[in-house]
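Below, chain A is the first sequence line, B the second, and so on; all start at residue 1.
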2 protein chains.
Amino acid sequence: MGLTKTANFTERQNQLAQMLKALAHPARIAIIDHLLKANECITGDLVEVTGLSQATTSQHLRELKEAGLLKGTIDGTSMNYCIDQAKWKENAAILKTFFIDVKFDETCC
Amino acid sequence: MGLTKTANFTERQNQLAQMLKALAHPARIAIIDHLLKANECITGDLVEVTGLSQATTSQHLRELKEAGLLKGTIDGTSMNYCIDQAKWKENAAILKTFFIDVKFDETCC
DNA sequence: GAATTTAATCGTAATATTGCATTATACAAG
DNA sequence: CTTGTATAATGCAATATTACGATTAAATTC
């Protein structure tokens, strides 16, 4: 069937999964890596970074933008991308709670 | 083609993407959520937690195990699952570097 | 040893993702 | 207005993921 049963899970679980999914591709990690260093850049730069076609890179950028991780502003004929800092910090807080602020008080199996 | 071009990216980018992909499904988040609270439990419990079939739940458990997030030990006819605490902390450190220890010294686009 | 319990695997179907070529659009420079 | 450059949109092919029923495997119970 291939259709995720969203209704089985909480809003938080679905949102967290979706955010992680947006990051779960090496090309998209590479894009984020570059933007964390470069602060901002245009699509053409990111095509070089990924080593993929313009069409494919554009698609990855769209996914990151739809997930709210990136912002883009038009700059002449170019598109200027950067990390959406507010959203990034929001997500970082969620991830911190889920992943990092975990206390294991018992050993197990 | 649907075949990710792994060769275009660094080892770290591929590994990080793979780890995030293992978590990028609400059922797998729900499984982790449960194990973080319960410390350990058997497959049957997790079938109830996900609300999916035993076969599907087992498949999700396999993905989490293959990603190194879970460990399982045989307990009679049951399988006892728990979080691999060492790997979890390793991944938490990687995620902390990538996501949380980020300084934005400029605003942008 | 037969029946039961529990979980993994196989086979199959539906849907999603990845990637590219091609086409369309938008704008700047000449 | 035409040409070149940058990005977006569309359509297609290959592969991956999600999900389930049926089957298999292993330990337990009777």
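- Distance B:Glu66 CD to D:dT17 C1': 13 Å, rounded to the nearest Å.
- Comparing atom distances between the A:Thr56 side chain and each of C:dA8, C:dG19, C:dT18 picks out C:dG19 as nearest.
- The cluster map of Ile, Leu, Val, Met, Phe, Trp and Tyr, joined by side-chain heavy atoms under 4.5 Å apart, puts A:Val102 and A:Met19 in the same cluster.
- Distances shorter than 4.0 Å separate none of the side-chain N or O atoms of B:Thr77 from OP1 or OP2 on C:dT5.
- Closest to the side chain of A:Gln59, from the set C:dA7, C:dT18, C:dT15, is C:dT18.
- The nearest heavy atom of DNA chain D to A:Ile42 and to A:Lys21 marks one nucleotide each, and the one closer to the 5' end goes with A:Ile42.
- Taking atom CG of A:Leu52 as the reference point, atom P of C:dT17 lies 17 Å away to the nearest angstrom.
- We find that CD1 of A:Ile31 is positioned 13 Å from P of D:dT7, with the value rounded to whole Å.
- For A:Arg28 (side chain) and B:Ala17 (main-chain N/O), no donor-acceptor pair under 3.5 Å exists by modelled atom type.
- Close to C:dA7, at under 4.0 Å from its OP1 or OP2, lies a side-chain N or O of B:Thr43.
- Regarding A:Gln18, its CD atom lies at a distance of 13 Å from the P atom of D:dT18, rounded to whole Å.
- In this model, the phosphate group of D:dC20 is approached by a side-chain N or O of B:Ser53 to a distance below 4.0 Å at OP1 or OP2.
- When each of D:dA8, D:dT15, C:dC20 is scored by its nearest atom to the side-chain atoms of A:Met79, the top-ranked nucleotide is D:dA8.
- The NZ-C1' distance, from A:Lys65 to D:dT7, rounds to 10 Å in whole Å.
- Here the P atom of nucleotide C:dT23 and the CD atom of A:Gln54 are 15 Å apart, to the nearest Å.
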### Query
Are B:Asp33 and A:Arg12 close enough, and set up right, to give a side-chain contact (heavy atoms from CB on, under 4.5 Å), and what steps lead you there?
CA-CA 11 Å; B:Asp33 273 345; A:Arg12 174 191 147 276; 2.8 Å; yes
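- The aromatic rings of A:Phe9 and B:His25 lie perpendicular to each other, with more than 60° between the two planes, well past the 30° mark.
- Distance CG (A:Asp45) to P (D:dT5): 16 Å, rounded to an integer number of Å.
- For the pair B:Asp84 (side chain) and B:Lys71 (backbone), a donor-acceptor distance under 3.5 Å is absent.
- The side chain of A:Ser58 places no N or O atom within less than 4.0 Å of a non-bridging phosphate oxygen (OP1 or OP2) of D:dT7.
- For B:Arg62, the listed nucleotide lying nearest its side chain is C:dT9; candidates were C:dT9, D:dA8, C:dC20.
- In this structure, B:His25 atom NE2 and C:dA16 atom C1' are separated by 11 Å, rounded to whole Å.
- Of the listed nucleotides (C:dT18, D:dA19, D:dC20), D:dA19 has the atom at the smallest distance from the side chain of B:His60.
- Checking the phosphate oxygens (OP1, OP2) of D:dA6, no side-chain nitrogen or oxygen of A:Tyr81 falls inside 4.0 Å.
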